[in-house]
Protein chains: 2
Amino acid sequence: MIDSENTAVTGRSPCPVSCSLDLLGDKWTLLVVRDLLLGKKTYTEFLKSPEGIPTNLLAERLKRLQAAGIVDKSRYQERPVRHAYHLTEKGRDLRPVLLAMINWGNKYIPGTVTRAQIAAMAPHLVEGE
Amino acid sequence: MIDSENTAVTGRSPCPVSCSLDLLGDKWTLLVVRDLLLGKKTYTEFLKSPEGIPTNLLAERLKRLQAAGIVDKSRYQERPVRHAYHLTEKGRDLRPVLLAMINWGNKYIPGTVTRAQIAAMAPHLVEGE
DNA sequence: TTTAGTAGCTTGCAATATGCAAGTGACTAT
DNA sequence: ATAGTCACTTGCATATTGCAAGCTACTAAA
C-alpha cells in the first residue's frame, strides 16, 4: 500500500472514528463521495445533485479529498479541456461507510430512497456486500 | 417498530445518506454515539473523552440525539440526582456505521487505535461483525 | 467578429456554527 | 460556612457555511 497521502494521526485523538471524522465529518464531503460512487465525474455533475452544494464548498471539498488521496483528478479531453474526478482505492473503500448509512437511513427515516431502488439505478454502489 | 421519533424526510433530499448526514454530519455527534457504544453514560464521562468536546456542544448534541430518538436519558439515582444516557435501538443500529469507519481509519490512517485494541478494552463495541 | 453559452472555478460578504471561558443551581460532604 | 461535584447555560470571539456574483478559458452560432 502506498502511504504518501495517508496522513498519520494529527487530529484530536488516535481514535479511528475521530480521525475519520476529522476528514469526513461534515454535511457535504460524504455526499461528494456518494456521487463519485454513483459514477458522477465532473464538477457540474456534482453541482446538479439534488442537495445543491454551494460551488465554493464543492471546490474546497474536492481539493481536500484530493489532498487526502481519496479522489484524483484528470483531464479526459483537450479542446475543450474537460476534467474528470475519480475515487482512488482509499475512496472506494468508503463504500461500507455509505452502505451502513443507507441501511440505517432506510430503516429509521421513512421516505428515503431504498437500497433496492438505488440498486436499480446504480448497481455498482450497492451490489455485493 | 415505533415510529414517533423517526422524522420522515424533511432534509435536503430523500437520499438516505443525505438524511443521515443531516442528523449526524458533523465532527462531534458520532463521537458521542461512540462513547455510548463504549458504555459511557454520564455527561462528565463524555466530557472526559480525549477529543475534548466543548460543554455547550455536548449539551446541544445530547438534546438533538434525544429529539431524534437515538438516545434516551434517565435518572439512575436520587439523592444526589444523577443522570444516565443510553442508546435506543435506533442508536445501537449506528454501530455498523462506526465499525465501517474504524475499519477504514485503521486501513488508511496510520497510528489509529486498531479494532483489535478496541476489542480488548471494549468488547461490546466491536465483537461480532 | 461580436455575441452567447458552457465548464470550472474564485471572491466577497452576511449568516450560522463552533470553541473557549466563565458562571449558575442543585446538591452533598466537611 | 466552605468547598466540591454534576449538569448544564451564557457571552463572546473566531471559523465555517451559504449565497450571489464574477472570472477565465474555451467553443459554437449569427
Side-chain angles (χ1 to χ4, degrees), chain A residues 10-13 17-33 35-36 39-68 71-87, chain B residues 10-13 17-33 35-36 39-68 71-87:
Chain A
T10 55
R12 296 173 288 174
S13 86
V17 177
S18 149
C19 290
S20 300
L21 291 173
D22 286 338
L23 218 62
L24 308 168
D26 64 64
K27 299 221 185 308
W28 294 111
T29 303
L30 284 175
L31 289 183
V32 175
V33 174
D35 283 352
L36 285 158
K40 295 186 184 176
K41 288 173 184 28
T42 66
Y43 196 85
T44 36
E45 282 179 300
F46 303 137
L47 283 179
K48 283 177 198 150
S49 288
E51 294 84 9
I53 187 171
T55 170
N56 55 337
L57 293 186
L58 176 58
E60 197 259 338
R61 293 303 192 275
L62 285 169
K63 270 177 202 161
R64 282 189 12 201
L65 288 169
Q66 285 175 81
V71 158
D72 68 345
K73 184 184 181 178
S74 58
R75 296 193 165 199
Y76 70 92
Q77 86 175 26
E78 314 283 332
R79 339 215 41 93
V81 168
R82 291 291 179 264
H83 307 96
Y85 292 92
H86 295 278
L87 291 172
Chain B
T10 54
R12 297 172 288 174
S13 85
V17 177
S18 148
C19 289
S20 300
L21 290 173
D22 287 338
L23 218 62
L24 309 168
D26 64 65
K27 298 221 185 308
W28 295 111
T29 303
L30 285 175
L31 289 183
V32 175
V33 174
D35 282 352
L36 286 158
K40 295 186 185 175
K41 289 172 183 28
T42 66
Y43 197 84
T44 36
E45 282 179 301
F46 303 138
L47 284 179
K48 283 176 196 150
S49 287
E51 294 83 10
I53 186 170
T55 170
N56 55 337
L57 293 187
L58 176 58
E60 197 259 338
R61 293 303 193 275
L62 285 169
K63 270 177 201 160
R64 282 186 15 199
L65 288 169
Q66 283 176 82
V71 158
D72 68 346
K73 184 183 180 178
S74 58
R75 297 192 164 200
Y76 70 92
Q77 89 177 22
E78 313 285 331
R79 344 212 36 92
V81 168
R82 291 291 178 263
H83 307 96
Y85 293 92
H86 295 277
L87 291 171

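Just so it is clear, the values below take in all heavy atoms, side chains as well, and ignore hydrogens, waters and symmetry mates. The chains referred to below are lettered A, B, ... by the order of the sequence lines, with proteins before strands, and numbering in each begins at 1.
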Distance below 4.0 Å between A:K73 side-chain N/O and C:dA7 OP1 or OP2: no
Chain A footprint on DNA chain D, 5' to 3' - any atom under 4.0 Å from a heavy atom: D:dT17 to D:dT27
Before giving the answer on side-chain contact (heavy atoms from CB on, under 4.5 Å), spell out for B:L36 and B:Y85 the whole-Å C-alpha distance, their side-chain angles and the decisive distance to 0.1 Å. CA-CA 8 Å; B:L36 286 158; B:Y85 293 92; 3.9 Å; yes
Sort me out a list of protein N/O and nucleotides 1-3 of chain C N/O pairs below 3.5 Å, or just none if empty.
none

Give a yes or no on whether a salt bridge exists between A:D22 and B:K27, defined as a side-chain N under 4.0 angstrom from a carboxylate O. no
Might you point out which heavy atoms bring B:L23 and B:T29 nearest each other, and give the distance in Å? O-CG2, 4.1 Å
Steps toward side-chain contact (heavy atoms from CB on, under 4.5 Å) verdict (A:I53, A:L31): CA-CA 9 Å; A:I53 187 171; A:L31 289 183; over 6 Å; no
Could you go through B:L58 and B:R61, starting from their C-alpha distance and side-chain angles, then the distance that decides it, and tell me whether this counts as side-chain contact (heavy atoms from CB on, under 4.5 Å)? CA-CA 5 Å; B:L58 176 58; B:R61 293 303 193 275; 5.5 Å; no
Given atom OH of A:Y43 and atom P of C:dC9, what is their separation to the nearest angstrom? 6 Å
Using a heavy-atom cut-off of under 4.0 Å over every strand shown, decide if A:T55 touches base, sugar-phosphate, or nothing. base
Taking CD from B:E51 and P from C:dT18, how many angstroms apart are they, rounded to a whole number? 16 Å
Identify, residue by residue, the members of residues 20-32 of chain B with a heavy atom below 4.0 Å from DNA chain D, and return them in order of residue number, or none. none
Which atom pair, heavy atoms only, marks the closest approach of A:E45 to A:K41? OE1-N, 2.8 Å
Flag, side chain of B:Y43 to backbone of B:H83, donor-acceptor distance under 3.5 Å: no
note: A:N56, atom CG; C:dA15, atom C1'; distance rounded to Å ~ 13 Å
Just checking A:Y85: base, sugar-phosphate only, or nothing, at a heavy-atom cut-off of under 4.0 Å? sugar-phosphate
If the condition is salt bridge (Lys or Arg N to Asp or Glu O under 4.0 Å), which residues does B:R64 pass it with, not counting sequence neighbours? B:D26, B:E60
d(NE2, A:H83; P, C:dT6) in whole Å: 18 Å
Tell me the closest heavy-atom pair linking A:F46 and A:D35, and the distance in Å. CD2-CB, 3.7 Å
What are the two closest non-hydrogen atoms of A:T55 and A:L47, and how far apart are they? CA-CD2, 3.9 Å
DNA chain D contacts made by residues 57-66 of chain A, counting heavy atoms under 4.0 Å: A:L57, A:R61
Minimum heavy-atom separation for B:S13 to B:C19, with atom names? O-SG, 3.3 Å
Which of residues 74-82 of chain A have a heavy atom under 4.0 Å from DNA chain C? A:R82
